[in-house]
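Any value given below was found using the heavy atoms of this structure, including those in side chains, with hydrogens, waters and symmetry copies removed. Lettering follows sequence order; numbering is per chain, from 1.
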Protein chains: 2
Amino acid sequence: MDIKTKYNTKQKQEILNFLESKGPGHFTVADLDMYFKTKGIKVGTTTIYRQLDKLISEGVVKKYNIDETSSACYEYIGQSDANGCQQMFHLKCEKCGKIIHLECHEVTLFEEHIAEHHGFKVDPMRTVFYGICKDCAAL
Amino acid sequence: MDIKTKYNTKQKQEILNFLESKGPGHFTVADLDMYFKTKGIKVGTTTIYRQLDKLISEGVVKKYNIDETSSACYEYIGQSDANGCQQMFHLKCEKCGKIIHLECHEVTLFEEHIAEHHGFKVDPMRTVFYGICKDCAAL
DNA sequence: TTGCGTGCAAAGGTTTTGCATGGCA
DNA sequence: TGCCATGCAAAACCTTTGCACGCAA
């Protein structure tokens, strides 16, 4: 859980390259796996899991379980703090699967309310709101 | 997905007994499994899954994926509608794993804000807030 | 009798672990 | 050289599915 990277290996670089080239957005271990296979880069699935664990410990990557059944979702945060989606909640549409970033002052107020009146410190990074998005509601 | 119960079997009754005796709260398939094993009641794990699926179709039970890694969470809603935690959000403490029911007018206001300003209709049943609870924060 | 329900076993998929090898510092 | 990282295989898990038998109606 708290193991950090000590060596810089080729595999770690390849994973970071993927994260940089892809930019913000969500991905799964399977995505990385397929990406490496397509590119002909040799990185074992085990290594992907282990490197992601380390990147999570370092705060570079965040992990969600957005989907109910399938595999876990990861997100690249990057070295930059307080920007990115550090303070951001996510909305996920249950119909189209789209993930929306929620940037809104009301959210901060809501967070403060929960902290003050319910004694619960919400972690925005790990919290996902499920529901129906504008586009799907219009159908 | 839409298969409903046609027969009343001993196993279904045992599952309903468990739900009634336990009352509101969350449980996993493993909980049911262990409960039956302890009591010496013979109900196969497969049957638990299949009966729960049917109860979900009937709206008697709700299913979440509150935990990241481990198994799915189920909740007994009962025949009564609009009560239970139909309209309720859940808070989950990332440290102690406790699940807290959030009953609060502010939440409704927040939901309305998201609907009006972001065009997103939140589904409270499926949304879980992650964070640190009062007790764990005090440690 | 009809056909759903059950349960065992096996498969499916994701994630973790053991262990020997390989590579960074 | 020392120790971490890698990767294969296998295990651990949770969940679903196939199939024959049992049981409710």
Handout entry: Rounded distance (Å) that lies between atom P of C:dT6 and atom CZ of B:F36
Key = 11 Å
Exercise for the section: Would you mind telling me which of C:dG3, D:dT6, C:dG7 lies closest to the side-chain atoms of A:Q51? Expected result: D:dT6
Problem - Exercise: identify the closest heavy-atom pair between A:I15 and A:I48 - result: CD1-CA, 4.1 Å
Practice task
Answer yes or no: does a side-chain N or O of A:K54 lie under 4.0 Å from OP1 or OP2 of D:dA5?
Solution key: yes
Handout entry: Nearest listed nucleotide, side chain of B:R50, among C:dC4, C:dC8, D:dC8
Key = C:dC8
Practice task
Taking the six-membered ring for Trp and the full ring for Phe, Tyr or His, determine whether the centres of A:Y76 and A:F27 are under 6.0 Å apart.
Solution key: no
Exercise for the section: Send over the distance from A:D31 CG to C:dT15 C1', rounded to a whole Å. Expected result: 16 Å
Exercise for the section: Look at all strands and tell whether B:T9 reaches a base, only sugar-phosphate, or nothing, counting heavy atoms closer than 4.0 Å. Expected result: sugar-phosphate
Completion exercise
In whole angstroms, the gap separating C1' of D:dT6 from OH of A:Y7 amounts to 13 Å
Completion exercise
Closest to the 5' end of DNA chain D, once B:N8 and B:V29 are matched to their nearest nucleotides, is B:V29
Exercise for the section: Assess the pair A:Y74 and A:Y49: is the distance between their ring centroids shorter than 6.0 Å? Expected result: no
Problem - Atom pair distance, as rounded to whole Å: OH in A:Y49 and P in D:dA10 - result: 19 Å
Handout entry: Atom pair CG/CD1 of A:L91 and B:I114 - distance to nearest 0.5 Å
Key = 5.5 Å
Completion exercise
Side-chain atoms of A:Q11 come closest, of D:dA25, D:dG7, C:dG7, to D:dG7
Exercise for the section: Give the rounded distance in Å between these two atoms: CD of B:E14 and P of D:dA24. Expected result: 13 Å
Fill in the blank from the handout: When rounded to whole Å, the NZ to P distance for the pair B:K63 and D:dC14 reads 13 Å
Exercise for the section: Specify the separation, in whole Å, of atom CG of B:D33 and atom C1' of C:dT6. Expected result: 14 Å
Problem - Sugar-phosphate, base or nothing in reach of B:K42, heavy atoms under 4.0 Å - result: sugar-phosphate
Handout entry: Distance below 4.0 Å between B:T47 side-chain N/O and C:dG7 OP1 or OP2
Key = yes
Completion exercise
To the nearest angstrom, the CD1-C1' distance between B:I56 and D:dT15 comes to 12 Å
Handout entry: Spacing of CZ belonging to B:F18 relative to CG belonging to B:D31, to within rounding of 0.5 Å
Key = 6.0 Å
